[in-house]
Protein chains: 2
Amino acid sequence: MSATDDFIAAKDDFISQWGALGTSWGISRTMAQVHALLMISPEPISTDQCMEELQISRGNAHTNLKELVGWGLVKIVVKKGERKEFFEAEKDVWKVFTIVLRERKRREIDPAVELLKGCAERSKQVKSVEGKAFHEQMNELQDFAIFASKVGETISQLKYGPAIKFADKFLGLLPKDKSSR
Amino acid sequence: MSATDDFIAAKDDFISQWGALGTSWGISRTMAQVHALLMISPEPISTDQCMEELQISRGNAHTNLKELVGWGLVKIVVKKGERKEFFEAEKDVWKVFTIVLRERKRREIDPAVELLKGCAERSKQVKSVEGKAFHEQMNELQDFAIFASKVGETISQLKYGPAIKFADKFLGLLPKDKSSR
DNA sequence: TCATGGTTTCAATACTTACTGAAAGTATCC
DNA sequence: GGATACTTTCAGTAAGTATTGAAACCATGA
């Protein structure tokens with residue numbers, strides 16, 4: 001088997017497995033596959049190319065491409081002379097990370113803060129022992145959720161350089177030098 | 001409406017909404033509800049109480065309770081004189097967080113690292129321009145995933161005190177003092 | 001203005017995942 | 001050993017999500 005065959009297999013594998021992983025990250029398999037395809041495409045691709053490569057319907061391709069645009073992970077580009085829209089993924093890993101972090105914070109943490117705030121408020125006056133315990137638990141959860149929210153906010157605003165330096169200095173972690181790979 | 005009514009409403013609300021949030025965190029609604037119920041129960045509860053409170057079947061209650069035990073978020077306790085098993089949730093917020101962090105790392109990051117490693121490896125020899133770009137992209141993703149994995153690992157081993165101190169010192173974040181609430 | 005090429009929507013359907021309830025399994029007590 | 005109290009499994013079903021494909025829509029150029 002040639003190096004090129006290996007490479008083609010690796011590409012297909014990446015797309016299909018990235019899709020499978022997507023489901024465990026709470027996004028649909030197809031959306032993750034479309035994202036994978038775009039991340040490894042040197043050129044922006046059209047809806048038709050996407051349908052072709054992933055063997056999916058037009059509607060499905062369209063929905064997922066637009067949803068990725070909605071997340072901010074994909075940009076629409078128009079080539080001059082062409083009427084079609086083409087799609088191009090953000091390829092910078094740190095940028096992708098910060099975008100996803102912000103989106104997940106918005107979907108997963110912020111609503112929890114709201115819920116906990118309400119529950120803490122409504123159990124403020126209760127005198128019973130279990131009522132007090134409930135109130136206390138809501139407060140602790142709320143403190144933590146707000147804290148997590150702020151950490152997410154702060155990190156998502158960092159540039160890659162400062163972030164990595166920061167992590168290294170205080171957690172003693174740095175990605176290995178490429179030469180050691 | 002009395003404070004007690006408010007409190008009961010808040011409890012029900014917490015359970016139902018925590019369940020809804022669960023789906024956006026990649027766990028099933030019922031599992032999140034069971035978890036919520038246990039988090040606010042002053043006493044350990046039995047399978048039957050769980051069925052009763054959440055109005056779900058025995059099989060469902062059983063599966064979800066055991067799955068929470070599998071995550072390490074819930075412990076089985078046996079009361080003396082009783083043959084039933086009772087279930088008790090970990091209530092310490094930081095502990096819950098570190099458990100969930102570890103589990104999500106294991107499910108969401110580690111498999112990605114494996115995938116990327118394989119894809120990078122199999123595209124090593126490829127000479128074409130797009131092949132090189134692919135290889136490079138796999139390496140960047142891999143570096144980042146390994147880095148994220150280590151950060152997760154490190155944080156999940158921290159105790160609450162050091163973690164909060166650390167976050168405060170370098171990100172300038174601290175949960176507000178309770179007196180200000 | 002209409003024909004063409006492209007985008008968007010959406011009802012019907014397929015697929016996936018969660019839940020039920022009853023039956024089978026296990027441990028304990030007398 | 002057998003009755004009792006509880007736990008576990010699982011085939012069938014219900015509920016929830018994603019996908020298709022075709023029709024409606026929109027923009028452009030002749």
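So you know, we letter chains A, B, ... as the sequences are listed, proteins then strands, and number each from 1. Keep in mind that the numbers below use all heavy atoms, side chains included, and drop hydrogens, waters and symmetry copies.
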Neighbours of DNA chain C within residues 17-43 of chain A, by heavy-atom distance under 4.0 Å: A:R29
Within residues 59-68 of chain A: residues closer than 4.0 Å to DNA chain C (heavy atoms): A:G59, A:H62, A:K66
B:K11 and B:E53 ion-paired at < 4.0 Å: no
So, does [X] use its side chain to make a donor-acceptor pair with the main chain of [Y] at under 3.5 Å?
X     : Y     : result
B:K80 : B:V78 : no
B:Q49 : B:S46 : yes
B:N64 : B:N60 : yes

Nucleotide interval of DNA chain C bounded by contacts with chain B (heavy-atom cut-off, under 4.0 Å): C:dA18 to C:dT28
Between D:dT4 (P) and B:K84 (NZ): distance, integer Å: 16 Å
Length of the line joining B:E82:CD and D:dT4:C1', which is rounded to integer Å: 15 Å
Heavy-atom closest contact (B:G131 atom, A:F7 atom, distance): CA-CZ, 3.6 Å
Sequence-distant partners of A:F14, ring pair (Phe, Tyr, Trp, His ring centres under 6.0 Å), two or more places apart: A:W18
Under 4.0 Å protein heavy-atom contacts per nucleotide of nucleotides 23-30 of chain D, with B for base, S for backbone only and - for none: ----BB--
Under the salt bridge (charged side-chain N to carboxylate O under 4.0 Å, His left out) test, residues paired with A:E121 that sit two or more places apart: A:K124
Contacts of [X] that satisfy side chain to side chain donor-acceptor pair (under 3.5 Å) - sequence neighbours left out:
X      : value
A:D12  : none
A:H62  : none
A:Q157 : A:E153
B:K91  : none

Residues 27-41 of chain A side chain polar contacts: donor-acceptor under 3.5 Å, at least two apart:
from	atom 1	to	atom 2	distance (Å)
A:S28	OG	A:M31	N	3.2
A:S41	OG	A:L37	O	2.7

Sequence neighbours excluded, every pair satisfying ring-ring contact (aromatic ring centres under 6.0 Å, His included) that has a member inside residues 91-126 of chain B: A:F144-B:F97, B:W94-B:F97, B:W94-B:Y160
